[in-house]
Amino acid sequence: MSFAVSLLAASMAVLSPVAGAGAGAAGTGGQGADVSAVFADPTGDVLRAVTFDPAAVPPGARVTVTERTGHDGTRVHLRLYGIQPGRTFGAHVHTQPCGTRPEASGGHYQQVKDPVQPSTDPAYANPRNEVWLDFTTDGRGDGGASSSVAWRFRPGEARSVVIHEHATERAPGRAGTAGDRLACVNVPFK
């Protein structure tokens with residue numbers, strides 16, 4: 001375990017702390033993904049953004065996700081419009097694309113993978129090893145967050161952003177958990 005923690009610490013550097021609406025830049029204007037979508041019910045063959053809880057994330061609400069990479073890592077920005085107002089949500093990059101069921105999006109993307117899944121060990125489930133995008137909406141239901149990490153996604157292993165029921169927990173045995181999956185947006189991360 002201590003080797004894995006040492007490896008994790010050695011492989012990551014925090015560009016800036018991630019709290020709430022997030023952090024500093026990770027490079028300047030590099031390549032990355034840009035997605036703008038409207039949430040819809042999870043039906044059909046082509047799913048861009050789906051909602052599993054229409055009270056929290058109603059069909060017709062909008063989402064944008066941008067990714068920028070640079071010499072010092074990756075920055076992901078999430079912005080939502082028209083979801084439940086005055087509420088704190090968790091959000092993370094996940095390993096699989098959105099599907100017709102919430103669990104289709106797989107687990108959180110981790111730069112250093114926890115050998116025990118689902119991961120709730122703070123040595124792995126933390127905002128330096130995952131992309132956490134927790135946010136609180138305003139009175140109109142608009143909100144967003146940014147996260148910067150000192151690494152780039154492995155090709156094909158980061159496929160979506162999932163909106164969760166509540167802010168992300170940090171305690172051992174609960175680290176990285178944020179409740180039910182309320183909505184999902186597919187993102188072609190680089």
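Just so it is clear, the values below take in all heavy atoms, side chains as well, and ignore hydrogens, waters and symmetry mates.
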Test side-chain contact (heavy atoms from CB on, under 4.5 Å) applied to Val162 and His92, step by step: CA-CA 6 Å; Val162 172; His92 313 101; 5.8 Å; no
Steps toward side-chain contact (heavy atoms from CB on, under 4.5 Å) verdict (Thr88, Phe135): CA-CA 6 Å; Thr88 298; Phe135 64 95; over 6 Å; no
Leu182 vs Thr51, side-chain contact (heavy atoms from CB on, under 4.5 Å): CA-CA, chis, key distance, verdict: CA-CA 6 Å; Leu182 306 180; Thr51 179; 6.0 Å; no
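Judged purely by atom type and a 3.5 angstrom limit, Arg140 has no side-chain atom pairing as donor or acceptor with the backbone of Tyr81. Side-chain atoms of Asp53 come within 3.5 Å of backbone atoms of Ala55 as a donor-acceptor pair (strictly under, hydrogens ignored). With Asn129 contributing its side chain and Val112 its backbone, the two residues share a donor-acceptor pair below 3.5 Å. Side-chain atoms of Asp142 come within 3.5 Å of backbone N or O of Gly82 as a donor-acceptor pair. Side chain of His164 to backbone of Ala91: no donor-acceptor contact under 3.5 angstrom is found. For Asn126 (side chain) and Arg128 (main-chain N/O), a donor-acceptor pair under 3.5 Å exists by modelled atom type. Asp134 contributes a side-chain N or O that, together with a main-chain N or O of Thr168, makes up a donor-acceptor pair within less than 3.5 Å. In this structure a side-chain-to-backbone donor-acceptor pair under 3.5 Å is present from Thr137 to Gln84. Ser105 places a side-chain N or O within donor-acceptor distance of the main-chain N or O of Pro102, the cut-off being under 3.5 Å.
The line from CZ of Phe89 to CG of Leu133 is 14.0 Å long, rounded to the nearest 0.5 Å. Considering CG of Asp114 and NE2 of His108, their distance stands at 12.0 Å, rounded to 0.5 Å. Taking CZ of Arg101 as the start and SG of Cys184 as the end, the distance is 14.0 Å to the nearest 0.5 Å. We find the NZ-OG1 distance between Lys190 and Thr69 to be 9.5 Å, quoted to the nearest 0.5 Å. For the atom pair CZ of Phe189 and CD of Glu157, the computed distance is 13.5 Å after rounding to the nearest 0.5 Å. One finds the OG1 atom of Thr64 at 7.5 Å from the CG atom of Leu80 (value rounded to the nearest 0.5 Å).
For the pair Val57/Phe52, no side-chain contact is recorded, criterion being any heavy-atom separation below 4.5 Å from C-beta on. By the 4.5 Å heavy-atom criterion applied to side chains, Val63 and Phe39 are counted as neighbours. Taking the side chain as every heavy atom from C-beta outward, Arg170 and Trp132 approach each other to under 4.5 Å. The shortest distance between side-chain heavy atoms of Val65 and Val76 falls below 4.5 Å. When side chains are defined from C-beta on, Val185 counts as touching Val35, because their heavy atoms get closer than 4.5 Å.
Ion pair Arg87/Glu165 not flagged as a salt bridge, since none of the NZ, NE, NH1 or NH2 atoms sits closer than 4.0 Å to an Asp/Glu carboxylate oxygen. Ion pairing between Arg68 and Asp34 holds under the 4.0 Å rule for side-chain N and carboxylate O.
Between the side chains of His94 and Ser160, no donor-acceptor pair is found at a separation under 3.5 Å. For the residue pair Arg159 and Tyr109, no side-chain donor N or O sits within less than 3.5 Å of a side-chain acceptor on the partner. Between the side chains of Thr74 and Glu67, not a single donor N or O lies within less than 3.5 Å of an accepting N or O. A side-chain N or O of Ser148 and one of Arg75 form a donor-acceptor pair less than 3.5 Å apart.
For the pair Gln110 and Glu130, the tightest heavy-atom approach, listed with the atom from each and the gap, is NE2-OE2, 2.8 Å. When all heavy atoms are compared, the tightest approach of Ala104 to Cys98 is CB-C, 4.5 Å. Pairing each heavy atom of Val187 with each of Ala33, the nearest pair is CG1-CB, 3.9 Å. Counting all heavy atoms, side chain and backbone alike, Val93 lies closest to Ala158 at CG1-CB, 3.7 Å. Closest approach of Val38 and Gly60 over heavy atoms only: CG1-CA, 3.5 Å. Nearest heavy-atom pair, Pro42 versus Val50, reported as atom, atom and distance to 0.1 Å: CA-CG1, 3.9 Å.
Relative orientation of the Phe153 and Trp151 rings is perpendicular, given thresholds of 30° and 60° on the angle between their planes.
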